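No experiment lies behind these values; they were computed from the predicted model shown.
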Amino acid sequence: MSIRKRRLATLAVGLTLALAAAPAVHAQAAPYPAKPIRLIVPFGPGSVTDQLARIVASGLAERLGQSVVVENKAGAGGNIGAGYVAESAPDGYTLLMGAASTNAINPSLYSNLKFDPMKDFVPIANVASVTNVLVVNPQVKARSVAALIEELKANNYSYASGGAGGSQHLSAELFKSMSGTDMVHIPYKGGSEPLPDLMSNRVQVMFCNLPVCLPHIQAGKLVALGVTSTQRSPLLPNVPTIAEAGLPGYAVDGWFALFGPARMPAELVARLHDETAKVLAAPATAEQIRRQGAEPNSGSQQDFARFVQAEHDKWAKVIKDANIRLE
């Protein structure tokens, strides 16, 4: 075989190998997402976190053209599911529907976490907020936040919560700290469990999740004095915020948000934030979220990252001052 023919044969072999490798190269460069995305919910089915995750998953699936599968991995105050995502590959295919508890409160509350919620996640998008509402039994004389603060300084009242370390408990502890008052904490096993005792005046005060207590407020069985959020709730437009009703600076928002494992590429984080923002801006999605007693959130990814850090710092102080620790 001549030198020229050998060169042509070598070139032909090279072209054949390149063509054979082309599908593999193409597969590696496939645009995101090239397969279903898993959205981990660190709480059980039917929880507010779960309901919001399913609303967002449906919207993202439509926008991204790929399935977004919600998986519940509950336990240990949300730490099992959150830990699972923290250890996942940062490729955008395993995400977390986190909450204030899992990503801002638990780092200070639990002494034995195997991951760092502040270092092992990247905040993607703030999805929605759910306010608590300060309610009292009708036999309590106070009909305003300011009047309740005065009563607490003169009387021995107890307050209920759905469990130590939850938003109801910490909302009350922040209130006590800022108002210079005291109440005895009576923890129950779940957010709605205290209601019979509250309505029978066995306990007098509660910072209740608004969707849970709303029917009893409307029925006159509980008296709403203020909402914990920074703005009044559309569900109780005549009830002031606690800040405007007697305790300036007080604010507690129960929030739910999308996170990914740390070290996700910045362009992927930006893509997921933008797509989530478009989902939340859709009127039909916003209405679905409001039916859960929540309000859709908005804002940049950078603002949300700063918000998570500020929430962590705020609750770290509250938890330290109240000497709350969970194992």
How would you list, by chain and number, every residue that makes a side chain to side chain contact (heavy atoms under 4.5 Å, CB included) with [X], sequence neighbours excluded?
{"X": "S229", "value": "T131, V227, D253"}
{"X": "T181", "value": "I149, L152, K153, F175, K176, S179"}
{"X": "V48", "value": "L52, V130, F256"}

Holding to salt bridge (Lys or Arg N to Asp or Glu O under 4.0 Å), I want the full list of residues that pass it with [X], two or more places apart in sequence or in another chain.
{"X": "E151", "value": "none"}
{"X": "D91", "value": "none"}
{"X": "E71", "value": "R38"}
{"X": "E150", "value": "none"}

In terms of side-chain heavy atoms, does [X] have a donor or acceptor partner in [Y] at a distance below 3.5 Å?
{"X": "T241", "Y": "Q231", "answer": "no"}
{"X": "Q168", "Y": "N132", "answer": "no"}
{"X": "S177", "Y": "D321", "answer": "no"}

Are F259 and F304, when compared by the centres of their aromatic rings, separated by less than 6.0 Å?
yes

D50/R54 salt bridge by N-O under 4.0 Å criterion:
yes

Salt bridge (charged side-chain N to carboxylate O under 4.0 Å, His left out) pairs touching residues 292-311, sequence neighbours excluded, are R290-E295, D303-R306, E311-K314

So, using side chain to side chain donor-acceptor pair (under 3.5 Å) as the criterion, who are the partners of S144 when residues are at least two apart?
none

Taking side chain to side chain donor-acceptor pair (under 3.5 Å) as the definition, give me every residue that meets it alongside R63, ordered by chain and number, with sequence neighbours left out.
E275

Walk me through whether E87 and K114 qualify under salt bridge (charged side-chain N to carboxylate O under 4.0 Å, His left out).
CA-CA 10 Å; E87 296 174 354; K114 296 180 180 179; over 6 Å; no

Pair listing, disulfide bond (SG atoms under 2.5 Å apart) test, anchored in residues 71-128, at least two apart
none

Quick one: which residue pairs count as a disulfide bond (SG atoms under 2.5 Å apart) with a foot in residues 198-271, not counting sequence neighbours?
C208-C213

Side chains of N103 and L96: does their closest heavy-atom pair fall under 4.5 Å?
yes

Joint cluster assignment, V203 & V184, ILVMFWY side-chain distance < 4.5 Å:
yes

Mark yes when over 12 heavy atoms from residues, nucleotides or ligands other than Q309 sit less than 6.0 Å from its CD; otherwise mark no.
yes

